[in-house]
Amino acid sequence: MRKETGILLAGSLGIIIGLGIFGVRKFLLNKSREYNDYYSDFHRHFEKKQKEENHDGVEFLAMR
């Protein structure tokens, strides 16, 4: 194999591998985003009520 052919083959293989890794990463990030969109509200049990804005803490409430 000639030197120029080896260089072209290595460059092409590098581009293909780089695009493949980029594509897999983008696919996995998209799947992660879909998962987070679906399951992000499960820890709140779908409640929409307003939180109480009392941030005084336990120590303050114990002194009442």
Side-chain angles (χ1 to χ4, degrees):
M1 191 169 7
R2 292 182 12 209
K3 189 176 189 180
E4 293 85 11
T5 308
I7 291 173
L8 288 174
L9 186 61
S12 301
L13 191 62
I15 288 174
I16 291 171
I17 289 173
L19 289 175
I21 290 172
F22 179 74
V24 167
R25 182 174 175 263
K26 189 166 184 142
F27 174 76
L28 292 176
L29 286 175
N30 189 25
K31 285 294 183 185
S32 176
R33 188 178 310 119
E34 288 174 3
Y35 178 84
N36 287 336
D37 287 345
Y38 184 73
Y39 288 108
S40 65
D41 200 35
F42 275 68
H43 69 280
R44 287 181 256 156
H45 304 292
F46 302 101
E47 292 183 10
K48 298 287 185 189
K49 64 182 177 182
Q50 297 290 326
K51 283 188 168 182
E52 189 176 322
E53 293 295 327
N54 188 1
H55 299 289
D56 294 329
V58 176
E59 293 84 7
F60 178 76
L61 296 175
M63 295 299 291
R64 281 187 171 179

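Any value given below was found using the heavy atoms of this structure, including those in side chains, with hydrogens, waters and symmetry copies removed.
Hydrophobic side-chain contacts under 4.5 Å tie I17 into a cluster, directly or through other members, with L13, I21. Other members of a hydrophobic cluster containing I16 are absent, since no ILVMFWY side chain comes under 4.5 Å of it, directly or through relayed contacts.
No donor-acceptor distance shorter than 3.5 angstrom exists from the side chain of S32 to the backbone of L28, with no hydrogens or angles considered.
The salt bridge (Lys or Arg N to Asp or Glu O under 4.0 Å) contacts involving residues 3-17 comprise R2-E4, where partners must be two or more places apart or lie in separate chains.
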